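All remarks here apply to the structure that follows.
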Amino acid sequence: MLSGFLVALHEVASWNVALAMGLGMLIGYALGSIPGLTSSIGIALIVPFTFTMSPVVSIVLLVTLYMATEYAGAIPAILVNTPGVPAAAVTALDGYPMRLRGEAGTALTMSILSAAFGSITSTLLLIVSATYMASFALAFGPSEYFGLAALGLSLVSSLSGESMLKGFLGLFFGLAVGVIGIDPLDGVARYVFTDGLLSGVTFLPALIGLFALSGVFMMIEKSGAKVVPLHHLPSVSGQFGLMRPYLRVLARSSLVGYLVSVIPGHGAVISAVVSYGVQKRLSRNPESFGKGNPEGLIAAETAANASVPGALAPMLSLGIPGSASTAILIGALTLHGVQPGPLLFAKNPEIPYSIFIAMLVTMPFMVAVGLGGVRLWVKVTQVPRSIIAALVCAMCLLGSYASQNDVFAIWITVFFGIVGYLMKKIAIEPAPIVLALVLGYLTESNFRRALLGSGGDFTVFVTHPISLGCLVLAAGVLLLPLIRMKR
Amino acid sequence: MTTGSHEDHDADPTAPAVEISANKLDAASGAALFALAAWLWHGAADIEVASTSGVGPAFFPRAVAILLAGGSLLLILQALAPRLFGIQPDRMVQVQRPGSVLAAIAIVIVYAALLGRLTYYPATAMLLPCLLWAAGLRRPFAIVACTFGFLAFTKILFETVLGTPLP
């Protein structure tokens, strides 16, 4: 571990990385402050502009942006009751009533300090667990990877949106899209009806379409809504003493946020909801939750921000995305020729350790920018939606082109933008589709490799204890909701 | 716990809107996904089988086709006979400002078609004002400022900072 940190320190100690941290933080704050722009959209939009950067600079920028976006969503949630990112809806439950009581400054200070605590604690947990998980996973063969991928797919599908069936349909659609192109083992072309698809549906343009462009269409639907004006800007201060009575809440919520988000498919929203629920149950004043109880705000905000390192754990150590945002990060690393997974720590130690360092180093600056720049972020929330939607749309198309230097990429983005929008209308979320695009390849290639190694013997998946365990867990995850429904 | 109140905050009650039955939408999307599954299954027959593992390159697409077909049939059935599945009565899916959304979709399609012919700057100079208008911006100065600001920003970003030529 120490050698990994030393390698990463050598890479991180440069102006380029410092600039990337600052840029990622500012872009993240700006995006997170704007309702409708999530961390997935932000990362998908920025990835095409990171091609010319080194892998370390690129990943540091994207991870800092991810962290900043997740926090910044709390600012409009507290001030105008409009969450900048989905998880901030839980923050708004108590944050906005606090503002109505005239405690906006206190709520903002508490939210940024909670975010910092959650993020730093969770990063420390990530450093310990990811390196351990990766060394454990080094012994994995194709059958174990197949089991893991199958478990990832089962978790993702069962956790998406309002209907389990629709979650599955999103997953199957993603798997169907993933089979287009050259197959992973024999090099046979599948479903290639135009030359542009020979290397498959290019990941990044599809992501930009599914997340960002579809989000633009959703934004246009609501672009006529009046921006909530905010005449009295709150003043905030770094009163660390504010948090002293809530140290237990902070510790508990950090742990809950990290543990929940390590499970693939459980992102910031579920972490925040679970943590809020736990805190409400343990609180002496549960009836005051939703009416401006600081415990609720702290529980939600700490867990939501602790979920960022949590989602990175399976991505870095196993190559399995923990959330939609980390699925995009996998795509970004792959484009740089870096494959996340257990070998990452041996082959490219500078990547995971640079991420760890960046997450720890950035946080104090994020607190400073968050506390000092509230007035600016509030102004960002006041920009009309029509302008944001049009500019984001133009950036989507341009970013998609830049990722491939090919106009065909724009067609892929437009196609997936329309598909993503229609799917949102029928309550199929884009996250399972994207995760299936990543896990589909992993599932098929390892399934076939395992069978190739065993001479076509299917028992290979149940004779290896880890793959058997994963498959049993996957079956349990799939069957449990059905059993509950029957009851 | 719901976030409904926050979503409502975003909604504009005065905006034109169309409402479509969720069940009808589900049935239509189920049919579309079933067609995709049929295409996958049919296309698998054209895939050359060259594998020695017993599971060739057509196996996975066929498996996905079966799962997709099964899921989409279930969705259609659920939409046509919701009571069978103990599902609540039909609800309406609202599309606000449908004209603007359709216009935005048309604009991005036209942009993709024009980009190769007109090159980046003229195509974007045409796209962005239309898009801003479709999104609801009605101030000419703001439209011109946003368009030229964006073009200048991308010129600096791509041609000066990133060194990436634009089409």
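Here is how names work: the chains are called A, B, and so on, in the same order as the sequence lines, proteins then strands, and each is numbered from 1. As the structure is a computational prediction, the values presented were derived from the model and not from experiment.
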Exercise for the section: Find the one option among B/Leu127, B/Ile143, B/Leu33 whose heavy-atom pairs under 4.5 Å with chain A are most numerous. Expected result: B/Leu33
Practice task
Report the distance from atom CG of B/Leu102 to atom CZ of A/Phe217, rounding to the nearest 0.5 Å.
Solution key: 10.0 Å
Fill in the blank from the handout: Between B/Leu68 and A/Phe173 the two heavy atoms that sit nearest each other are CD1-N, 4.1 Å
Practice task
Heavy-atom distances under 4.5 Å only: say whether B/Ala113 touches chain A with side chain, backbone, both or neither.
Solution key: both
Practice task
Examine whether an atom of A/Leu165 lies under 4.5 Å from a heavy atom of chain B, and if so say whether it belongs to the side chain, the backbone or both; otherwise answer neither.
Solution key: side chain
Completion exercise
When rounded to the nearest 0.5 Å, the distance separating OH of A/Tyr421 from CD1 of B/Ile105 is 6.5 Å
Problem - Per-residue contact mode, B/Leu166 against chain A (heavy atom under 4.5 angstrom) - result: both
Practice task
Could you tell me whether the side chain of A/Glu221 and the main chain of B/Gln96 form a donor-acceptor pair under 3.5 Å?
Solution key: yes
Problem - Ring-ring centroid check A/Phe49 B/Phe158, cutoff 6.0 Å - result: yes
Practice task
Check whether more than 12 heavy atoms from other residues, nucleotides or ligands sit under 6.0 Å from atom OH of B/Tyr121, and answer yes or no.
Solution key: yes
Practice task
Tell me, for B/Ile109 versus chain A, whether the close heavy atoms (under 4.5 Å) come from the side chain, the backbone, both or neither.
Solution key: both
Practice task
Can you tell which part of B/Ala112 gets under 4.5 Å to a heavy atom of chain A, answering side chain, backbone, both or neither?
Solution key: both
Completion exercise
Per-residue tally against chain A (heavy atom, under 4.5 Å) across B/Gly30, B/Ser29, B/Gly116, B/Gly149 peaks at B/Ser29
Problem - B/Thr124 portion near chain A, given a 4.5 angstrom heavy-atom threshold - result: neither
Handout entry: Part of B/Leu115 within contact of chain A (heavy atom distance under 4.5 Å)
Key = side chain
Problem - Which atoms of A/Met218 approach chain B - backbone, side chain, both or neither, heavy atom under 4.5 Å - result: neither
Problem - Plane angle bin for B/Trp39 and A/Phe193 - parallel if under 30°, tilted between 30 and 60°, otherwise perpendicular - result: perpendicular
Completion exercise
Among B/Phe60, B/Phe153, B/Tyr120, the residue with the most heavy-atom pairs under 4.5 Å to chain A is B/Phe60
Handout entry: Per-residue contact mode, B/Val93 against chain A (heavy atom under 4.5 angstrom)
Key = side chain
Problem - Residues forming a side chain to side chain donor-acceptor pair (under 3.5 Å) with A/Thr50, sequence neighbours excluded - result: A/Ser58
Practice task
Search all heavy atoms of A/Leu169 against all heavy atoms of B/Gly71 and return the closest pair with its distance.
Solution key: CD2-C, 3.5 Å
Problem - Heavy-atom closest pair, residues A/Ala390 and B/Leu131 - result: O-CD2, 3.8 Å
Problem - For B/Pro57 against A/Glu444, the heavy-atom pair lying closest together - result: O-OE2, 4.3 Å
Problem - Any donor-acceptor pair under 3.5 Å from A/Lys222 side chain to B/Arg97 backbone - result: no
Handout entry: Other residues, nucleotides, ligands: >12 heavy atoms within 6.0 Å of A/Met53 CE
Key = yes
Fill in the blank from the handout: Comparing A/Ile418, A/Leu398, A/Asn405 against chain B, the one with the most heavy-atom pairs below 4.5 Å turns out to be A/Leu398
Handout entry: Separation of B/Leu137 CG from A/Ile387 CD1 (nearest 0.5 Å)
Key = 5.0 Å
Problem - Contacting moiety of A/Leu175, where chain B heavy atoms sit under 4.5 Å - result: both
Problem - Atom group of A/Phe289 that falls short of 4.5 Å from chain B, counting heavy atoms - result: neither
Exercise for the section: Determine, for B/Asp46 against A/Arg190, whether the closest basic-nitrogen to carboxylate-oxygen distance falls under 4.0 angstrom. Expected result: no
Handout entry: Options B/Leu67, B/Leu25, B/Val64, ranked by heavy-atom pairs under 4.5 Å with chain A, top entry
Key = B/Leu67
Practice task
Start with the C-alpha distance between B/Leu128 and A/Leu391, add both sets of side-chain angles, then the distance that settles side-chain contact (heavy atoms from CB on, under 4.5 Å), and finish with yes or no.
Solution key: CA-CA 8 Å; B/Leu128 212 47; A/Leu391 294 182; 4.1 Å; yes
Exercise for the section: Measure distances from B/Arg138 to the heavy atoms of chain A and classify the residue's part below 4.5 Å as side chain, backbone, both or neither. Expected result: neither
Exercise for the section: Let me know if A/Asp406 has heavy atoms under 4.5 Å from chain B in its side chain, its backbone, both or neither. Expected result: neither
Handout entry: A/Phe415, part contacting chain B, at a heavy-atom distance under 4.5 Å
Key = neither
Problem - Value rounded to 0.5 Å, distance of CE in A/Met395 from CZ in B/Phe150 - result: 5.5 Å
Completion exercise
When rounded to the nearest 0.5 Å, the distance separating CZ of B/Phe59 from CG of A/Asp183 is 13.5 Å
Practice task
Locate the shortest heavy-atom distance separating A/Ser386 from B/Ala135; write the atom from each residue and the value.
Solution key: CB-O, 3.3 Å
Exercise for the section: Can you measure from CD1 (B/Ile20) to CD1 (A/Ile426) and round to the nearest 0.5 angstrom? Expected result: 11.5 Å
Exercise for the section: Quick one: closest heavy-atom pair of A/Tyr191 and B/Ala44, and the distance? Expected result: OH-N, 3.4 Å
